[in-house]
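Read through the structure below, which is laid out as structure tokens, and then see the notes.
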Amino acid sequence: RNGRLECVLRVKNGLPAAKLKEFSDATRSDIVPKSCAANAKNPAFDRGLDYTFLYTNTYGEKLAEFTVDKAVCRRTR
């Protein structure tokens with residue numbers, strides 16, 4: 001099972017790769033611990049529930065995408 005969260009942000013078109021990586025890294029480091037903490041006692045998470053976070057801009061360009069599941073949470077402890 002997958003919960004998909006899509007966020008559209010109003011930012012410039014054609015951001016450089018370095019800015020996209022910076023955004024992706026910062027977003028992931030903020031979201032992953034919070035998602036893991038919120039799902040620490042969720043039995044569905046133990047049975048394979050995961051979340052995909054997708055960030056795009058208003059031009060349809062992908063800014064960041066990552067998945068949080070039980071394995072990711074174990075690696076980030």
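The side-chain heavy atoms of Leu54 and Cys7, taken from C-beta on, include no pair separated by under 4.5 Å.
Residues Thr52 and Asn2 bring a donor and an acceptor atom of their side chains to less than 3.5 Å of each other.
Minimum heavy-atom separation, Glu65 to Arg28: O-NH2, 4.2 Å.
Rounded to the nearest 0.5 angstrom, Arg1 CZ and Asp69 CG are separated by 14.0 Å.
The hydrophobic cluster containing Leu63 also includes Leu5, Leu9, Val11, Leu15, Leu20, Phe23, Ile31, Val32, Phe45, Leu49, Tyr51, Phe53, Tyr55, Phe66, Val68, Val72, under a criterion of side-chain heavy atoms closer than 4.5 Å among ILVMFWY residues, counted directly or through chains of members.
Under a 3.5 Å cut-off, the side chain of Thr76 and the backbone N or O of Cys73 do form a donor-acceptor pair. In terms of modelled atom types and a separation under 3.5 Å, the side chain of Asn39 and the main chain of Ser35 share a donor-acceptor contact.
Remark: Glu22 engages Lys19 in a side chain to side chain contact (heavy atoms under 4.5 Å, CB included) (not counting sequence neighbours). Checked against salt bridge (charged side-chain N to carboxylate O under 4.0 Å, His left out), Lys12 has no partners two or more places apart in sequence or in another chain.
Ion pairing between Asp46 and Lys70 holds under the 4.0 Å rule for side-chain N and carboxylate O.
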TODO: Output, in order, the C-alpha distance, side-chain angles, deciding distance and verdict of side-chain contact (heavy atoms from CB on, under 4.5 Å) for Thr56 and Glu61.
DONE: CA-CA 5 Å; Thr56 60; Glu61 296 176 318; over 6 Å; no
